[in-house]
2 protein chains.
Amino acid sequence: MELQEAKDRFIHTWGTLATQWGINRTMSQIHALLLLSPKSLNADEIMEELQISRGNVNMNLRDLMSWGLIYKQLLPGERKEYFHAEKDIWKAARQIGRERRRRELSPILETMEEIKKGVSDNSPESAEFLKVVDDIYAVAGFADNTLELVTKAEESWLTSTFMKMFK
Amino acid sequence: MELQEAKDRFIHTWGTLATQWGINRTMSQIHALLLLSPKSLNADEIMEELQISRGNVNMNLRDLMSWGLIYKQLLPGERKEYFHAEKDIWKAARQIGRERRRRELSPILETMEEIKKGVSDNSPESAEFLKVVDDIYAVAGFADNTLELVTKAEESWLTSTFMKMFK
DNA sequence: GAAAACTTTCAGAATATTTTGAAAATTCAA
DNA sequence: TTGAATTTTCAAAATATTCTGAAAGTTTTC
């Protein structure tokens, strides 16, 4: 297999996998492209490489920055903005964990708390309902704590101490 | 707040949150409805409650069964099929973890392995590319192991031993 | 084995999301 | 300033996903 072919396959596959867990295909492909690119790329280069429109590139670059997965770079003597990915994959993974906590788990925890507050009577039916809400709260909290633990850990710690737990 | 109102809010919110992490809204709402329902429900009751079509109900019930989150039940003397949710939320959460490993992490691991195999030459460019692929493989493997650990654990163990790690 | 009761399928409709591309806004050099 | 270079926005188009409802399929009863 040609190296370029393998890279293209990687970029393509990455985009496909992403859609499966609710992430925009183009965003993943841009991320993959930047992950593999030794040098920073500008919007035109990304447009050309992935054959997508300027607006699409712009929007997804901003999205990727909001996830903390890529950085904007201003090259001396260049007007255009250049972008490069966080190359430390462990760091990137921790960043994704952090964002998913914030975007997915926090809303669950908040909503469950609000719903709990709203149910004031103490009928058996209410108790039963509150049990479900409480349980979901506990599970979400557990997931949140686990992710926090993992995302705050250093890679070195993860690959040594924590990994031993899986033997 | 009326109890029914709280339940409706729960079902509605659950559906909205789900879309945020790539899960069908109706599927989540059916799941929420069954979670809160003390008795098993049949397709007609779900249609009525959530105001959705028969086809939609049927498809999402099957989907929920494939996730192992609900069960089909045949009530004596009844022709219709009834459905009820796994009420042990910890068990349900472990089930989701198991499925996500299978559906999301396994494909990443497989793809990265295949891509690695495909790159045979040992130029510096290939080495650089393989580094990225290897790193992603390692991170996905770590996530897979962590999820395996957590999904195989018993609730009692989770809430006691493992939880202490977060103090 | 025929009819009734129920479930499943699936083509087309409805809805939601993503993408485009051109216009508007911004930035920067002269 | 001006205007060329660049980025951002956003309405409309393209695409993808979800939902409907009626027809086809299946199961059960008589």
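Quick note on labels: first sequence line is chain A, next is B, and so on, each numbered from 1.
- Between I46(A) atom CD1 and dT7(D) atom P the separation is 10 Å, expressed in whole Å.
- For the atom pair L35(B) CG and E86(B) CD, the distance stands at 9.0 Å (nearest 0.5 Å).
- Residue R79(A) contributes atom CZ, which lies 12 Å from atom P of dA4(D) at whole-angstrom precision.
- Residues in residues 51-73 of chain A take part in these salt bridge (Lys or Arg N to Asp or Glu O under 4.0 Å) pairs, two or more places apart or across chains: D44(A)-R54(A), K72(A)-E81(A).
- Place T19(A) and E78(A) on DNA chain D by their nearest nucleotides, and E78(A) ends up nearer the 5' end.
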Go through K117(B) and E114(B) one step at a time and tell me if the salt bridge (charged side-chain N to carboxylate O under 4.0 Å, His left out) criterion holds. CA-CA 5 Å; K117(B) 258 187 283 179; E114(B) 268 200 58; over 6 Å; no
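- Per the geometry, CG belonging to N42(B) stands 12 Å off C1' belonging to dA5(C), to the nearest Å.
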Set out, in order, the CA-CA distance, both residues' side-chain angles and the distance that settles salt bridge (charged side-chain N to carboxylate O under 4.0 Å, His left out) for E5(A) and R9(A), then state yes or no. CA-CA 6 Å; E5(A) 194 189 329; R9(A) 177 155 177 231; over 6 Å; no
Which side-chain N or O atoms in residues 132-139 of chain B pair as donor and acceptor under 3.5 Å with protein atoms at least two apart or in another chain?
unit_1	atom_1	unit_2	atom_2	d
D134(B)	OD1	K116(B)	NZ	3.0
D135(B)	OD2	K131(B)	NZ	2.6
Y137(B)	OH	E113(B)	OE2	3.1

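- In this structure, Y71(A) and H84(A) have tilted ring planes: the angle between them lies in the 30° to 60° band.
- Taken residue by residue, residues 20-37 of chain B places heavy atoms nearer than 4.0 Å to DNA chain D at N24(B), T26(B).
- Remark on the helix from dG1(C)-dC30(D) to dA30(C)-dT1(D): inter-end axis angle 20°, axes from five-pair C1' superpositions, rounded to 10°.
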Between T16(B) and T13(B), does the side-chain hydrogen bond (donor to acceptor under 3.5 Å, both in side chains) criterion hold? Intermediate values first, please. CA-CA 5 Å; T16(B) 306; T13(B) 312; over 6 Å; no
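- For residues 17-40 of chain B, every residue pair satisfying the side chain to side chain donor-acceptor pair (under 3.5 Å) rule, not counting sequence neighbours, is listed here: S40(B)-Q73(B).
- What separates CG of L74(B) from C1' of dA5(C) is a distance of 14 Å, to the nearest Å.
- Within residues 50-71 of chain A, the residues having any heavy atom under 4.0 Å from DNA chain D are, by residue number, R54(A), G55(A), N58(A), R62(A).
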Side chain to side chain contact (heavy atoms under 4.5 Å, CB included) between L74(B) and Y82(B), intermediate numbers included: CA-CA 6 Å; L74(B) 294 171; Y82(B) 282 73; over 6 Å; no
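- Going from atom NZ of K80(B) over to atom P of dA4(C) covers 17 Å, rounded to whole Å.
- Using a distance-only test at 3.5 Å, with no hydrogens or angles considered, a donor-acceptor pair links the side chain of T146(B) to the main chain of F142(B).
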I11(B) and L50(B): side chain to side chain contact (heavy atoms under 4.5 Å, CB included), yes or no, with the steps? CA-CA 9 Å; I11(B) 291 169; L50(B) 301 179; 4.1 Å; yes
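- Whole-Å rounding puts the L75(A) CG to dT27(C) P distance at 19 Å.
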